[in-house]
There are 2 protein chains.
Amino acid sequence: MNAATRSPQPPLTRSVEDYLKSVFHLTSQGGFATTSDIAEMLEVAPPSVSGMMKRLSETGLIEHVPYRGVQLTPQGRRAALQMIRRHRILESYLTSKLGYDWGDVHVEAEQLEHAVSEKLIERMADALGEPRYDPHGAPIPTAAGEIEEAELVTLADIAVGSSVVLREVGDENTERLHYLAEQGLIPGVQLTVIDRQPFNGPTIVRLGDGTTRVVGQELALLLFCRPVDGE
Amino acid sequence: MNAATRSPQPPLTRSVEDYLKSVFHLTSQGGFATTSDIAEMLEVAPPSVSGMMKRLSETGLIEHVPYRGVQLTPQGRRAALQMIRRHRILESYLTSKLGYDWGDVHVEAEQLEHAVSEKLIERMADALGEPRYDPHGAPIPTAAGEIEEAELVTLADIAVGSSVVLREVGDENTERLHYLAEQGLIPGVQLTVIDRQPFNGPTIVRLGDGTTRVVGQELALLLFCRPVDGE
DNA sequence: TTTGAGATTTAGGCTAGCCTAATGCCCTGT
DNA sequence: ACAGGGCATTAGGCTAGCCTAAATCTCAAA
Ligand SMILES: [Mn+2]
Ligand SMILES: [Mn+2]
Ligand SMILES: [Mn+2]
Ligand SMILES: [Mn+2]
């Protein structure tokens, strides 16, 4: 009887939890997560990733194809989704109940996610009314481990003349989030693309109040939108 | 320039934080914390404590007198009080804002105390109105690192006929806390000792509503009281 | 088909924290 | 004064996670 089949499993370490989340995010579009992508995301050296991948495949949390990359097993995926639920509930709670700025919650949640109990997360979720999205618009997995998969398009890909709803923005960069909030570019806002400059130039959008914003290509690639019905 | 004088210090680890808290509690009546007392409190083997004491004295957090025990340095005391503030604010918050039972908060706080930021603790404290006592009646250190030192007496030492206010109870045992809550023996309640059986027998107290309780010696030793003014 | 750049893994090393077994210190009781 | 019990420390070993340097694999370009 080996480690992968022995039960009950010892609790996952902080590191393991973060590795699993990384693999989840890196494989969300399908395919493998590569050693160097994981290393970059977690800010560790590639050999550290190789070492951890070895341990994680021995415990049955990932499938490792040498020199190709890794994918989560069903068990690994379950654990990753649980961590993502924790993270996003925490971000939501800090924002709604403790007056946190949406630019600051990610860093705090990155630590707390490893220390909170299941019970605390469910109490927070309950206090919030079982939110479905975190403050940055990312879907919150259910306690049962299900997550909404929406097909979103980046603002940079929206044709001039089309209207969209901004659904989700990346949550890792505090300054970027502050800037977006200043500009009123927050999830839920409706935008109409009124122009786009050539050569990967900025996209110009009109907000509901008639004001316009000039969004550079780099930023436009990080604003995930859903086309508005009937457009 | 050695480790003790180099600055800024690296953040303390989870283990170090728990060791410092233990030393604080074990020296709160003065004197030294012994290796075996620390080992018992943290549920580790004595040699693990010896090893950690070596590291902590090298970093200037404790003073170690070989074969005698340890005491906190001012720096170690500051760190310990910060952790105790975190712990007690967390217990208060979980109880007041998330409907936690007072018997369950200790275990949760024991983990969270290592993951929360200073900022989060201050937001929680603010949301609670800067509480001065945790749910078990223990004083909460201020953000500046000051803690109230009250001279409390255990119920077992109160003379028959005297009245007291129950101020503080130990928070480590969930079942004990549940039992105390059932009996109405919670901090703030006024008690009059109406009898005590000999040979370390139980203490009989009357509550404000006229009902009585029979409190065994073991429990009476853990109920910390303040004599009522003018008695 | 060969080759080389780039990615990955292996080799070897380090620290923090834990353990058990062996040794050493301290103090009390005779 | 000293023996012995009990506590503390030292010795030696282990795992998780990290690192750098060296070896190895892969794949696309020549
Ligand atoms: Mn986040
Ligand atoms: Mn994390
Ligand atoms: Mn507690
Ligand atoms: Mn703790």
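Note on naming: letters A, B, ... go to the chains in the order of the sequence lines (proteins, then strands), and numbering restarts at 1 for each one.
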- [ ] Send over the distance from B:Leu42 CG to C:dA16 P, rounded to a whole Å.
- [x] 18 Å
Open item on the list: Which residues pass the salt bridge (Lys or Arg N to Asp or Glu O under 4.0 Å) test with B:Lys97, not counting sequence neighbours?
Closed with: none
Open item on the list: Is there a salt bridge (charged side-chain N to carboxylate O under 4.0 Å, His left out) between B:Lys21 and B:Glu113? Walk through the geometry before answering.
Closed with: CA-CA 11 Å; B:Lys21 278 201 311 174; B:Glu113 62 189 2; 2.8 Å; yes
Quiz: residues 135-147 of chain A side-chain donor-acceptor pairs under 3.5 angstrom, not counting sequence neighbours:
from     : atom 1 : to       : atom 2 : distance (Å)
A:His136 : ND1    : A:Glu91  : OE1    : 3.1
A:His136 : NE2    : A:Trp102 : O      : 2.9
A:Thr142 : OG1    : A:Ala144 : N      : 3.3
A:Thr142 : OG1    : A:Gly145 : N      : 3.3
A:Thr142 : OG1    : A:Glu146 : N      : 3.0

Task: Nearest-Å distance for atom pair CZ/P, residues B:Arg68 and C:dC26 - done: 7 Å
- [ ] Please tell me which of A:Tyr67 and A:Val16 maps to the more 5' nucleotide of DNA chain D, matching each residue to the nucleotide holding its nearest heavy atom.
- [x] A:Val16
- [ ] Calculate the interatomic distance between B:Leu61 atom CG and C:dA16 atom P; express it in whole Å.
- [x] 13 Å
- [ ] Determine: side-chain N/O of A:His64 to OP1/OP2 of C:dT8, distance under 4.0 Å, yes or no.
- [x] no
Open item on the list: Just the rounded figure in Å: distance from C1' of D:dG17 to CZ of B:Arg14.
Closed with: 15 Å
Open item on the list: Heavy atoms within less than 4.0 Å of DNA chain C: which residues of residues 20-38 of chain B have one? Give them sorted by number.
Closed with: none
TODO: Check the distance between D:dT9's P and B:Met53's CE and give it to me in whole angstrom.
DONE: 9 Å
- [ ] Using modelled atom types only, decide if a donor and an acceptor are shared between the side chain of B:Thr34 and the backbone of B:Gly69 within a distance under 3.5 Å.
- [x] no
Can I get a per-line list of side-chain donor-acceptor pairs under 3.5 Å for residues 114-126 of chain B, giving both atom names and the distance, sequence neighbours left out?
from     : atom 1 : to       : atom 2 : distance (Å)
B:His114 : ND1    : B:Glu17  : OE1    : 2.6
B:His114 : NE2    : B:Asp18  : OD1    : 3.1
B:His114 : NE2    : B:Asp18  : OD2    : 3.4
B:His114 : NE2    : B:Glu110 : O      : 3.0
B:Ser117 : OG     : A:Glu108 : OE1    : 2.6
B:Ser117 : OG     : A:Glu108 : OE2    : 3.0
B:Ser117 : OG     : B:Lys119 : N      : 3.4
B:Ser117 : OG     : B:Leu120 : N      : 3.0
B:Glu118 : OE1    : B:Gln82  : NE2    : 3.1
B:Glu118 : OE1    : B:Arg86  : NH2    : 2.9
B:Lys119 : NZ     : A:Asp104 : OD2    : 2.9
B:Glu122 : OE1    : B:Arg85  : NH2    : 2.7
B:Glu122 : OE2    : B:Arg85  : NE     : 3.1
B:Glu122 : OE2    : B:Arg85  : NH2    : 3.4
B:Arg123 : NH1    : A:Leu98  : O      : 3.1
B:Arg123 : NH1    : A:Gly99  : O      : 2.6

Open item on the list: Taking side chain to side chain contact (heavy atoms under 4.5 Å, CB included) as the definition, give me every residue that meets it alongside A:Ala33, ordered by chain and number, with sequence neighbours left out.
Closed with: A:Val23, A:Leu26, A:Thr27, A:Ile38, A:Val70
TODO: Assess whether side chain to side chain donor-acceptor pair (under 3.5 Å) is satisfied between A:Asp134 and A:His87, documenting all intermediate values.
DONE: CA-CA 9 Å; A:Asp134 80 8; A:His87 183 102; 5.9 Å; no
For nucleotides 18-22 of chain C, tabulate all protein N/O to nucleotide N/O atom pairs closer than 3.5 Å, reporting atom names and distance.
from   : atom 1 : to      : atom 2 : distance (Å)
C:dC18 : OP1    : B:Ser15 : OG     : 3.3
C:dC18 : OP2    : B:Tyr19 : OH     : 3.3
C:dC19 : OP1    : B:Ala45 : N      : 3.4
C:dC19 : OP2    : B:Ala45 : N      : 2.7
C:dC19 : OP2    : B:Ser48 : OG     : 2.4

Open item on the list: In whole Å, I'd like the distance from the CD atom of A:Glu17 to the P atom of D:dA16.
Closed with: 15 Å
Open item on the list: Does A:Glu40 have more than 12 heavy atoms from other residues, nucleotides or ligands lying within 6.0 Å of its CD?
Closed with: no
Task: Charged tip of A:Arg167 within 45° of A:Tyr133 ring normal and under 6.0 Å - done: yes
